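Just so you know, these numbers come straight off a predicted model, no measurement behind them. Counting starts at 1 for both ligands and their atoms, in listed order. This chain uses plain numbering: 1 for the first residue, then up along the sequence. What you see below is based on every heavy atom in this structure, not just the backbone, and it leaves out hydrogens, waters and symmetry mates.
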Amino acid sequence: MFTLILFGPPGAGKGTQAVKIAEKFGWKHISTGDILRAEVSNCTPLGLKVKAGMESGQLVSDDLLIEIMESAFLKYSTFSGFVLDGFPRTLNQAHELDKMLMKHGHAVSLVLALEVDKDELARRLLQRAHDQGRKDDTAEVIKHRLVQYQHYTKPLVDYYIVRDVYQEVYGVGTIEDIFNQLCDAIHP
Ligand code: AMP
């Protein structure tokens, strides 16, 4: 089973590219942000619990995320690959993901990081707020989400470099160009 992590800050284009990669390779795209947003809009107990935190740009607790991932893995276990988008976001989540995969004789296959500078990220996120009306894409919350990324998520770069699965791709250009570069790096 191929486990691809699409890595990068909010606004780097992970969601757009994850959909295309999953379609090309026949893998399952798992976006923890999408899963959580669906819980919020369906007003489930989990959704009610995480709503305020998500809307203010906080990370949701590791325990909840690990539960979500475990059930997603079980649900989609027949797929030959996963494209993880938005997970892991903390070192603890990365450890738990390794444990989860190891239980089934698997490991993280590849981490592709989309590199986009801060000004471009802020511009894209504000554009997305305008287009999609996401509550966590206001200027204030964007700033907070980028700080959270630097603090909790950026340290994962070293974690995956050490494991020799980390590769960067420049995330500015046309969607197709970036997609082609990502595909060139994937050898299932
Ligand atoms: P995203 O769509 O990936 O930007 O995620 C939107 C929001 O969902 C984040 O700002 C967090 O509040 C929450 N979220 C998604 N994935 C995770 C994760 N792996 N760990 C913690 N919180 C998450």
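- For the residue pair Ala113 and Tyr166, the shortest heavy atom distance occurs at CB-OH, 3.3 Å.
- In this structure, Asp117 contributes its side chain and Asp119 its backbone to a donor-acceptor pair below 3.5 Å.
- Remark: side-chain polar atoms of His187 are paired, donor with acceptor, to backbone N or O of Asp184 under 3.5 angstrom.
- Under the 4.0 Å criterion applied to side-chain N and carboxylate O atoms, Lys20 and Glu23 are not assigned as salt-bridge partners.
- Using a distance-only test at 3.5 Å, with no hydrogens or angles considered, no donor-acceptor pair links the side chain of Gln132 to the main chain of Arg128.
- Between Val60 and ligand 1, a contact under 3.5 Å exists for at least one N or O pair.
- Looking at Gln58 next to ligand 1, an N or O pair under 3.5 Å apart turns up.
- Any N or O atom pair closer than 3.5 Å counts here, and Gly86 shares at least one such pair with ligand 1.
- Judged by the shortest distance from any of its heavy atoms, Lys14 lies outside the 4.0 Å radius around the atoms of ligand 1.
- Residue, atom and distance of the protein heavy atom nearest to atom 9 (C) of ligand 1 are Arg89 NH2, 3.9 Å.
- The atoms of ligand 1 that sit less than 4.0 Å from any heavy atom of Phe87 are 19 (N).
- Checked for salt-bridge contact, Arg37 and Asp34 meet the test: a charged N lies under 4.0 Å from a carboxylate O.
- Under a cutoff of 6.0 Å and an axis angle of 45°, Arg163 and Tyr159 form a cation-pi pair.
- If you look at Arg145 next to ligand 1, the close heavy atoms, those under 4.0 Å, all belong to the side chain.
- Looking only at protein heavy atoms, the nearest one to atom 16 (N) of ligand 1 is Thr32 OG1, 2.8 Å.
- Checking only distances, Asp85 never comes within under 3.5 Å of ligand 1, N or O to N or O.
- Heavy atoms of Gln148 found under 4.0 angstrom from ligand 1: none, in either backbone or side chain.
- By the neighbour-count criterion of 12 heavy atoms within 6.0 Å, atom NE2 of His104 is densely surrounded, having more than that number from other residues, nucleotides or ligands.
- Residue Arg37 holds the heavy atom nearest to atom 6 (C) of ligand 1 of all those in Glu55, Arg37, Gln93.
- Looking at atom 8 (O) of ligand 1, its nearest protein heavy atom turns out to be Met54 CE, 3.4 Å.
- The 12-atom threshold is not exceeded at CG of Asp164, counting heavy atoms of other residues, nucleotides or ligands nearer than 6.0 Å.
- Within the 4.0 Å heavy-atom criterion, the part of Leu36 lying near ligand 1 is the side chain and not the backbone.
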